[in-house]
Amino acid sequence: MNEYHLELRNLSHRFGGLQALTDINLGLKRGDIAGLIGPNGAGKTTVFNLVSGFYVPSEGDILLEGVRINARKPHEIASMKIGRTFQNIRLWSEMTVLDNIRIAQHYRLGYNAAEVFFKTRRYREREAEITRSARELLEAFHLADLAEEYPRNLPYGIQRRVEIARALSLQPELLMLDEPAAGLSTADVSELIDYINWIHDTFKLTIWMIEHQMEVIMTLCHTIQVIDFGREIAKGTPEAIRSNPEVIKAYLGEGTI
Ligand SMILES: Nc1ncnc2c1ncn2[C@@H]1O[C@H](COP(=O)(O)OP(=O)(O)O)[C@@H](O)[C@H]1O
Ligand SMILES: [Mg+2]
């Protein structure tokens, strides 16, 4: 097994004339819970979008188990067992909670049109299996009673949980969470921390999260990387980061550390 589950080497990205990221380096070990923090506009979501295949890096490399995965499409990245959630929740609002989970798995299994049209036995068996495992997941996330609800009618905290359950339905080994606590109440935040711990222990995942709520980051993360204006300004344990003068300076005025 490679030393790192995921590694970034001198990752840089430009949007036209805007240098959004410069020489980002990182090594995530299997089973790590790592944080990526920094002021608004620092480039955090761009790092996630590069790793999950939404953009192709201008320079540098992304390595999964030592294999370069630059320039793969998002569905290829998902099939490589990298799952993610989004800063702005992306659920299908016209589908029930159950179908939001089921459709993600259709994507994973890949049907051909003829199978769907003729509803072959294999298709029906897989459908039943998908529904069963989706319900299991909802059960585990205490969402079973909401299976037939539409996400738009649910409180924000619950929508977040549905989105995390959906990401897990693709059986990722690396789970990337982009500001999972954004917009949550204090009670929802402590519930989220418990869920993330539970997910980490139960599914033995590597978890990488962007977060502004320092309670979440400091409680969960083993290591933290801080970026500002697209460059790393610090990397280390929560204790080291909390007292790092560069970090404190970057956050002055943001009031979130
Ligand atoms: N698709 C894009 N096109 C052009 N500029 C972008 C795009 N996405 C992000 N940016 C810019 O890149 C910088 C970093 O953005 P982002 O990664 O979203 O920051 P963060 O997640 O840390 O708040 C910002 O200046 C933002 O405006
Ligand atoms: Mg962001």
Side-chain angles (χ1 to χ4, degrees), residues 6-26 28 33-62 69-75 77-78 82-91 156-157 159-160 163-164 166-167 172 174-184 188-189 192-193 196 207-218 220-221 223-236 238 241-242 244 246-257:
L6 182 81
E7 193 181 351
L8 308 180
R9 287 194 194 152
N10 295 100
L11 197 65
S12 298
H13 194 65
R14 278 182 299 277
F15 293 110
L18 175 80
Q19 185 72 37
L21 291 173
T22 308
D23 288 334
I24 300 295
N25 289 287
L26 180 69
L28 295 186
I33 303 185
L36 177 60
I37 69 171
N40 278 322
K44 306 177 297 295
T45 297
T46 302
V47 174
F48 271 26
N49 284 339
L50 288 168
V51 171
S52 48
F54 290 95
Y55 310 137
V56 178
S58 306
E59 278 146 70
D61 284 317
I62 303 164
I69 58 162
N70 296 32
R72 302 294 183 107
K73 298 270 181 290
H75 70 273
I77 298 292
I82 299 180
R84 73 170 289 184
T85 63
F86 294 87
Q87 190 170 343
N88 305 305
I89 297 174
R90 291 193 194 176
L91 291 169
Y156 205 67
Q159 291 187 35
R160 281 269 172 217
E163 203 195 19
I164 293 173
R166 186 181 61 185
L174 168 64
L175 179 64
M176 297 161 57
L177 305 170
D178 193 347
E179 298 200 28
L184 299 192
D188 284 346
V189 168
L192 177 79
I193 291 173
I196 293 175
I207 296 181
W208 190 23
M209 75 174 94
I210 297 172
E211 189 45 68
H212 272 297
Q213 300 235 12
M214 286 306 130
E215 188 201 346
V216 178
I217 287 287
M218 297 295 168
L220 289 169
C221 294
T223 62
I224 299 171
Q225 181 177 36
V226 191
I227 63 174
D228 194 14
F229 298 109
R231 289 174 189 272
E232 177 182 301
I233 58 168
K235 196 188 273 151
I241 293 300
R242 205 195 297 264
N244 181 306
E246 282 285 314
V247 177
I248 294 166
K249 201 168 86 195
Y251 272 94
L252 277 182
E254 290 241 336
T256 45
I257 199 167

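For ligands, and for the atoms within them, numbers begin at 1 and follow the listed sequence. All residue numbers refer to positions in the sequence shown, counting from 1.
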Run the numbers for me: atoms of ligand 1, each under 4.0 Å from some heavy atom of [X], listed by number.
X: Y55; value: 1 (N), 8 (N)
X: A42; value: 19 (O), 20 (P), 22 (O)
X: T46; value: 9 (C), 14 (C), 15 (O), 16 (P), 17 (O)
X: N40; value: 23 (O)

- Item | Heavy atom of F48, distance to ligand 1 below 4.0 Å |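 Not so, F48 does not reach ligand 1.
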- Residue, atom name and distance, where the atom is the protein heavy atom closest to atom 23 (O) of ligand 1: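 So the nearest neighbour among protein heavy atoms is G41 N, 2.8 Å.
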- the Mg ion (ligand 2): which protein N, O or S atoms are under 2.8 Å away?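 Listed by chain and number: T45 OG1, Q87 OE1.
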- Side chain, backbone, both or neither: which part of I227 has a heavy atom under 4.0 Å from ligand 1?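 None of I227 does.
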- Message: Side chains of N49 and H13 only: does a donor on one sit below 3.5 Å from an acceptor on the other?
- Response: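 No - no donor-acceptor pair under 3.5 Å links their side chains.
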- Query: So is T45 polar-close to ligand 1, meaning N/O to N/O under 3.5 Å?
  - Reply: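 N/O-N/O distance under 3.5 Å: yes.
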- Is G43 close to ligand 1, meaning an N/O of one under 3.5 Å from an N/O of the other?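 Yes, at least one N or O pair falls under 3.5 Å.
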- Under 4.0 angstrom from atom 19 (O) of ligand 1, is there any protein heavy atom?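 True for atom 19 (O) of ligand 1.
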- Message: Please evaluate residues K235 and T223 with respect to the criterion side-chain contact (heavy atoms from CB on, under 4.5 Å), reporting the C-alpha separation (whole Å), side-chain torsions for both, the decisive distance (0.1 Å), and the verdict.
- Response: CA-CA 7 Å; K235 196 188 273 151; T223 62; 6.0 Å; no
- Task: For the residue pair W208 and F48, establish whether any side-chain heavy-atom pair is separated by less than 4.5 Å.
- Result: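 They are in contact (side-chain heavy atoms under 4.5 Å apart), so the answer is yes.
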